[in-house]
S.K.: 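Dropping a structure here in structure tokens format, bear with me for questions.
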Amino acid sequence: QVQLQESGPGLVRPTGTLSLTCTVAGDSIVNSAWWSWVRQPPEKGLEWIGEIFHNGSTNYNPSLKSRLTISIDKPTKEFSLNLKSMTAADSGVYYCARGPEQLAALDCWGQGIQVTVSS
Amino acid sequence: DIQMTQVPSSLSASVGDRVTITCRASHSFNIYLNWYQHKPGIAPKLLIFATSTLETGVPSRFSGSGSGTVFNLTIFSLHPDDFATYYCQQTSTSPPTFGQGTKVE
């Protein structure tokens, strides 16, 4: 059974860069799945951030594209998110998730990691 | 982007009740409408994909329907475990977008 686990800092300074990693267990990261990031600001709904395929192909939310990089490390079965120029509006819970194909429903999610942007 | 609007934003229900949540899209699209259940501190769970297909292991009391710009999630008989927030999501066009959520309490 596939399990996803987010890791990274819980606190980021304004103008800084958020770096999160998602570790995949119980599944190959080199298959037909696309690996995604989703976030939830406080008291708001879910926002799709972007996704990556094992060959490095990516799809990004246009609203974040200028600040966003998603990468994948196949040997360690990890994929990562880097979001630069962080502001308070980027605070929230960040989830990693799996989609069985490109731009698909997300059938497995991590528990989420709380990220706060504050000085 | 396709904007997804859920109604109601919250509802009060009792065990055994039939509950229907509606998701309206700003633009008409095909069948790629998904529903998730989310409880605090727990990973969101996919319930239904492609408008009406139940994810493996999801109880049959959950049902999805709709087309065009209006989609529904129905829980035929609410169980104690069903008190949660439910989100719709379209994956028909990029970027995928979610509704703002419906809290069932």
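Chain identifiers are assigned alphabetically (A, B, ...) following the order of the sequence lines, protein sequences preceding nucleic acid strands; residue numbering begins at 1 within each chain. The model shown is predicted, which means the values in this text are computed figures rather than measured ones. When reading the values below, keep in mind they use all heavy atoms of this one structure, side chains included, and skip hydrogens, waters and symmetry mates.
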S.K.: Does A/Val30 share a hydrophobic cluster with A/Leu4, counting links as ILVMFWY side-chain heavy atoms below 4.5 Å and allowing steps through other members?
M.R.: yes

S.K.: Look at atom CZ of A/Arg67 and say whether more than 12 heavy atoms of other residues, nucleotides or ligands are closer to it than 6.0 Å.
M.R.: yes

S.K.: A/Val38 versus chain B, heavy atoms under 4.5 Å apart: side chain, backbone, both or neither?
M.R.: side chain

S.K.: Are more than 12 heavy atoms, taken from residues, nucleotides or ligands other than A/Gln102, located less than 6.0 Å from that residue's CD atom?
M.R.: yes

S.K.: For the CD1 atom of B/Ile42 and the CH2 atom of A/Trp109, what is their distance to the nearest 0.5 Å?
M.R.: 14.0 Å

S.K.: Which one wins on heavy-atom pair count under 4.5 Å against chain A: B/Trp35, B/Phe49, B/Tyr36?
M.R.: B/Tyr36

S.K.: When only pairs under 4.5 Å are counted, which of B/His38, B/Gln90, B/Lys45 shares the most heavy-atom pairs with chain A?
M.R.: B/His38

S.K.: What residue in A/Cys108, A/Ala97, A/Ser63, A/Ala104 has the most heavy-atom pairs under 4.5 Å with chain B?
M.R.: A/Ala104

S.K.: Name the member of B/Pro96, B/Ala50, B/Gly101, B/Ala43 that forms the most heavy-atom pairs with chain A at distances under 4.5 Å.
M.R.: B/Pro96

S.K.: Check B/Leu46 against A/Leu106 and note the closest heavy-atom contact, atom names and distance.
M.R.: CB-O, 3.5 Å

S.K.: In the single-linkage hydrophobic clustering (I, L, V, M, F, W, Y; side-chain heavy atoms under 4.5 Å), do A/Leu64 and A/Leu18 co-cluster?
M.R.: yes

S.K.: Could you state the interatomic distance from OG (B/Ser94) to CG (A/Asn61), rounded to the nearest 0.5 Å?
M.R.: 7.5 Å

S.K.: Please find the pair of heavy atoms, one from B/Phe98 and one from A/Glu47, that lie closest to each other, and give the distance.
M.R.: CD1-N, 4.2 Å

S.K.: On a heavy-atom basis, which atom in A/Asp107 and which in B/Glu55 lie closest, and how many Å separate them?
M.R.: CB-OE2, 3.6 Å

S.K.: Give the minimum heavy-atom separation between B/Pro44 and A/Tyr95, together with the two atoms involved.
M.R.: CD-CE2, 3.7 Å

S.K.: Quick check: is B/Val19 connected to B/Phe83 through a chain of hydrophobic side chains (ILVMFWY, heavy atoms under 4.5 Å apart)?
M.R.: yes

S.K.: Given the rule that I, L, V, M, F, W and Y join up when any side-chain heavy atoms are under 4.5 Å apart, are A/Ile113 and A/Phe79 in one cluster?
M.R.: yes

S.K.: Does NZ in A/Lys84 sit with more than 12 non-hydrogen atoms of other residues, nucleotides or ligands closer than 6.0 Å?
M.R.: no

S.K.: Do the side chains of A/Trp48 and A/Val115 join up, straight or via other hydrophobic residues, at under 4.5 Å, putting them in one cluster?
M.R.: no

S.K.: Please report the closest heavy-atom contact between A/Gly45 and B/Tyr87, naming both atoms and the distance.
M.R.: CA-CE2, 3.9 Å

